[in-house]
There are 2 protein chains.
Amino acid sequence: MQNTRKGSGMRIGELARRTGVTTRALRYYEEQNLLTAERSGSGQRHYAETAVERIHLIRQLYAAGLSSKAIAELTPCVIEGRATPELLQRLAVERNQLDRRIADLTHTRDRLDSVIDGASSNLHTGAPCPRDANAETRTDSYRLAGTQPRPEAAAG
Amino acid sequence: MQNTRKGSGMRIGELARRTGVTTRALRYYEEQNLLTAERSGSGQRHYAETAVERIHLIRQLYAAGLSSKAIAELTPCVIEGRATPELLQRLAVERNQLDRRIADLTHTRDRLDSVIDGASSNLHTGAPCPRDANAETRTDSYRLAGTQPRPEAAAG
DNA sequence: CTTGCCCTTCACGTCGACGTCAAGTTTTAC
DNA sequence: GTAAAACTTGACGTCGACGTGAAGGGCAAG
């Protein structure tokens, strides 16, 4: 395997170009223990080919809302397959949070859809403001989905 | 309508309790022009009942990734139905971004699912590390979904 | 009148994922 | 051999959505 000429691995600039992230970010990832690199005698970082996909994984987990700390704890499991029951538990927790976020965002998207529908039809009919007579009907649709910050007290 | 006894409207503390956000956040929203309030002679804020659902809407749009600036520009359209073609355009843009985010997150969730599946089956078979022989098979599944930061240069 | 809670307006602090400048070293190109 | 490009560590700056006091005013209860 490994028929790509890479010698002792690519340096940080090439990895940055190939992944689309800045060198600053790559050093930051290393600082956060998300990424390791071999060092040449003069201290320059050299990365293996696998680093490219690893960066993409890291970016995906960031996009999924995970913190660098969480990613650092979970990537050993995801990348190397090293799974303890505790890590699996954490993975499941993150997965479920992600699931709820997706559900909330989906509700919000649908809400935006209906808003757009209503407003554009108002534009077509020339009505500037749709609170003509059926205002109450709309106030009901204001409630979207979860995402309440702290439901400590709601019923008086 | 409005059969709830509220006199001249609730003050900021009650609104905070009923929505679950802090008073600091409410004042911040007003500062960002997301929210308006009547003022008593001594300068205290008094809110109508509709403020409660408005807060929930604001929180949802925050959760959807909108900035306070974007929310401030779009809420007139969403709340009052005041829509110009430009606002509709912006709404559509935000909706599509939201859509893509949902798709990315869904892919990441599915990826986490397969990771969990694989790792837990490894636990069950007692294998500590699944890179036994079919390591190449797995490296393929590392690629998840979009979310590449800046695809400036990928093909060399 | 005082206690106490809630309210007001500054105004600086925080946290996370980097950006950005500085100053020096190593590698590459000619 | 020299200049430019790429690299190194270090350290302060940024941005957004608030947190967290500080210093004072408003108002019902005792």
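Convention: sequence-line order gives letters A, B, ...; per-chain numbering from 1. The shown structure was predicted, so the numbers you read here are calculated from the model rather than taken from an experiment.
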Can you tell me how far C1' of D/dC7 sits from CD of A/Glu14, to the nearest Å?
-> 14 Å

Given atom NE2 of A/His46 and atom C1' of D/dT8, what is their separation to the nearest angstrom?
->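 Value for this atom pair: 12 Å.
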
Shortest non-hydrogen contact between B/Arg27 and B/Ile12, atoms and distance = CG-CD1, 3.5 Å

Closest approach of B/Ala70 to B/Glu94 (non-hydrogen atoms, all atoms of both residues) |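 Closest pair (atom of B/Ala70, atom of B/Glu94, distance): CB-OE2, 4.0 Å.
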
Contact letters for nucleotides 9-18 of chain D, in which S counts primed atoms plus P, OP1 and OP2 and B counts the base, heavy atoms under 4.0 Å = B-B-----BB

For nucleotides 22-30 of chain C, just jot down a letter per nucleotide in 5' to 3' order: B, S or -, based on protein non-hydrogen atoms under 4.0 Å.
-> ----SSS--

Do B/Glu86 and B/Thr84 have a side chain donor and acceptor closer than 3.5 Å?
-> yes

Is it true that a side-chain atom of B/Arg101 and a backbone atom of B/Ala64 form a donor plus acceptor pair closer than 3.5 Å?
->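 Such a contact is found between B/Arg101 side chain and B/Ala64 backbone.
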
Flag, side chain of B/Arg109 to backbone of A/Asn96, donor-acceptor distance under 3.5 Å |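 No.
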
Show your working on salt bridge (Lys or Arg N to Asp or Glu O under 4.0 Å) between B/Asp99 and B/Arg95 and close with a plain yes or no.
-> CA-CA 6 Å; B/Asp99 213 22; B/Arg95 193 221 95 99; 3.0 Å; yes

Who passes salt bridge (Lys or Arg N to Asp or Glu O under 4.0 Å) against A/Arg11, sequence neighbours left out?
->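 Applying salt bridge (Lys or Arg N to Asp or Glu O under 4.0 Å) to A/Arg11 gives none.
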
Is the number of heavy atoms from other residues, nucleotides or ligands within 6.0 Å of CD (A/Glu38) greater than 12?
->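 Incorrect, the count does not exceed 12.
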
